[in-house]
There are 2 protein chains.
Amino acid sequence: MEQKIRDSYGYLFEEDLIQEITKKGVLKEVKEGDLLIDIEDTITNIPLMLSGAIKISRIDEEGDELLLYFIEKGDVCAMTLTCCIGQSKSEIRAIAESDTEVLMVPVENMDLWLQKYSSWRSFVFESYNTRFSEMLQSIDSLAFMNMHERLIKYLREKVIVGKDMMVNTTHQKVASDLHTSRVVISRILKSLERENKIVIHRNNIQVLEF
Amino acid sequence: MEQKIRDSYGYLFEEDLIQEITKKGVLKEVKEGDLLIDIEDTITNIPLMLSGAIKISRIDEEGDELLLYFIEKGDVCAMTLTCCIGQSKSEIRAIAESDTEVLMVPVENMDLWLQKYSSWRSFVFESYNTRFSEMLQSIDSLAFMNMHERLIKYLREKVIVGKDMMVNTTHQKVASDLHTSRVVISRILKSLERENKIVIHRNNIQVLEF
DNA sequence: AGAGGATTGTAACTAAGGTCACACTAATCG
DNA sequence: CGATTAGTGTGACCTTAGTTACAATCCTCT
């Protein structure tokens with residue numbers, strides 16, 4: 001396991017910290033589609049990503065979903081970090097986008113590590129920075145882009161996260177992530193296909209160009 | 001000045017930290033409408049709010065604006081905090097909503113204080129927490145609410161920040177904050193007036209109920 | 001008082017996106 | 001193997017929001 005930590009965080013963390021993480025962390029493996037964190041959950045561990053990808057989304061009162069961003073190897077869920085400190089509850093939902101390995105580090109270590117390890121401080125703040133940017137991008141998408149553009153952006157992200165130009169999903173799932181209706185997505189996908197940017201298959205969208 | 005710091009942060013910070021802030025901080029007074037931070041600005045100081053309010057907004061490539069949230073006495077701009085650590089550039093614009101006093105603390109102190117003062121660590125993370133929540137609220141508004149609801153929410157916030165049921169603004173300014181057109185705002189305001197929730201005056205909107 | 005700008009009101013129209021209905025096809029399962 | 005379900009395609013329609021245009025009013029400055 002130490003090797004996996006080194007793979008993902010070796011270039012970030014100082015030696016002592018890697019030792020501590022190895023000692024305190026517990027490996028957790030989750031399958032695609034598994035729910036890791038739900039709204040209102042109390043956070044007791046900091047999840048450090050070792051492999052795979054996790055989808056972070058926001059849910060409204062009626063249970064409607066909206067994709068915020070993906071986190072991958074070397075990332076940590078910033079939402080979790082704030083929760084750790086403030087002992088508040090999760091405001092987001094985290095679902096495994098693919099089979100994923102995370103290292104669960106108990107919250108108690110957080111405060112001490114912040115004092116002791118400058119690499120931990122950097123990492124934590126770097127994470128916040130990234131996540132803030134990603135939230136701002138979400139806001140930009142919603143405020144300044146139309147559905148056509150948002151869908152293209154979405155497909156791009158799916159290709160990057162899935163490391164595959166063939167995106168395995170259904171129109172309905174895309175619609176949920178973008179908080180719109182299936183019909184709207186089918187309509188725009190069709191127009192993207194006519195523009196030769198994608199090819200639509202059953203349960204798959206093949207991205208040609210981006 | 002020490003008294004002002006105590007007023008805003010006395011209950012948060014330990015004695016030594018208050019002394020340090022007093023020593024290192026420089027008072028800055030800005031007038032309503034003044035630009036404090038613009039997109040792409042490099043941040044060299046952490047602004048601690050002493051009085052007044054600041055409007056934080058996001059700007060797209062075409063210069064279109066969108067209100068994100070307000071920060072007030074006892075708050076700190078979380079965006080600034082991330083910038084301090086990462087030495088990156090501002091992704092938001094900060095404009096004084098009213099006459100405002102901020103204490104500018106040079107960035108260099110950040111890392112040391114994080115090690116030394118647990119109250120500073122708590123404060124910094126608490127700030128992140130709040131700001132994260134506020135960003136999520138912005139996202140919720142955009143994704144899940146229609147313009148009518150967003151306008152009501154907006155007026156509520158303006159009343160709270162301005163501490164006055166009489167909101168001093170124009171339809172055009174409201175439209176800019178919500179990233180829509182003046183006509184749309186006038187239309188919805190009229191309907192809110194018909195519902196007896198507000199009274200429209202020239203340059204003022206009187207909020208009756210919410 | 002009169003000119004000019006800023007602010008607001010409103011009608012008419014357009015566009016984007018959401019809804020409904022239904023047809024069609026591929027996969028699955030008893 | 002027929003029945004069922006999930007996924008997709010599409011026309012018709014509705015609603016919300018954005019656009020254009022113009023009138024009316026108020027405010028300021030000369």
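None of the values given here were measured: they were computed from a predicted structure. Chain letters run A, B, ... following the sequence lines, proteins first and then strands; every chain starts at 1.
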Enquirer: Does Thr180(A) place a side-chain N or O at less than 4.0 Å from the phosphate oxygens OP1/OP2 of dG17(C)?
Expert: no
Enquirer: Let me test you: for the helix from dA1(C)-dT30(D) to dG30(C)-dC1(D), what is the angle between the axes at its two ends (five pairs each), rounded to 10 degrees?
Expert: 30°
Enquirer: Between the side chains of Asp41(A) and Arg93(A), is the shortest nitrogen-to-carboxylate-oxygen separation below 4.0 Å, so that they form an ion pair?
Expert: no
Enquirer: So does Arg202(A) reach the base of dA27(C) with its side chain, donor to acceptor, closer than 3.5 Å?
Expert: no
Enquirer: What closest approach, in Å, do Gly33(A) and Ile95(A) show between heavy atoms, and which atom pair accounts for it?
Expert: O-CG2, 3.6 Å
Enquirer: Apply salt bridge (Lys or Arg N to Asp or Glu O under 4.0 Å) to the pair Glu101(B) and Lys73(B), showing each step before the final yes or no.
Expert: CA-CA 9 Å; Glu101(B) 295 172 304; Lys73(B) 171 179 159 178; over 6 Å; no
Enquirer: Taking the side chain of Val184(A) as its heavy atoms from C-beta onward, which of dG9(C), dG18(C), dG7(D) lies nearest to it?
Expert: dG18(C)
Enquirer: Considering every strand and a 4.0 Å limit on heavy-atom distances, what is the contact class for Ser181(A): base, sugar-phosphate, or nothing?
Expert: base
Enquirer: Within the modelled atom types, does a donor on one side and an acceptor on the other bring the side chain of Arg182(A) and the base of dG9(D) under 3.5 Å apart?
Expert: yes
Enquirer: When rounded to the nearest 0.5 angstrom, what is the spacing between OG in Ser119(B) and OH in Tyr9(B)?
Expert: 12.5 Å
Enquirer: Check whether any side-chain heavy atom of Met49(B) sits under 4.5 Å from a side-chain heavy atom of Val76(B), and report yes or no.
Expert: no
Enquirer: Hey, is the side chain of Arg187(A) pairing donor to acceptor with the base of dT19(C) inside 3.5 Å?
Expert: yes
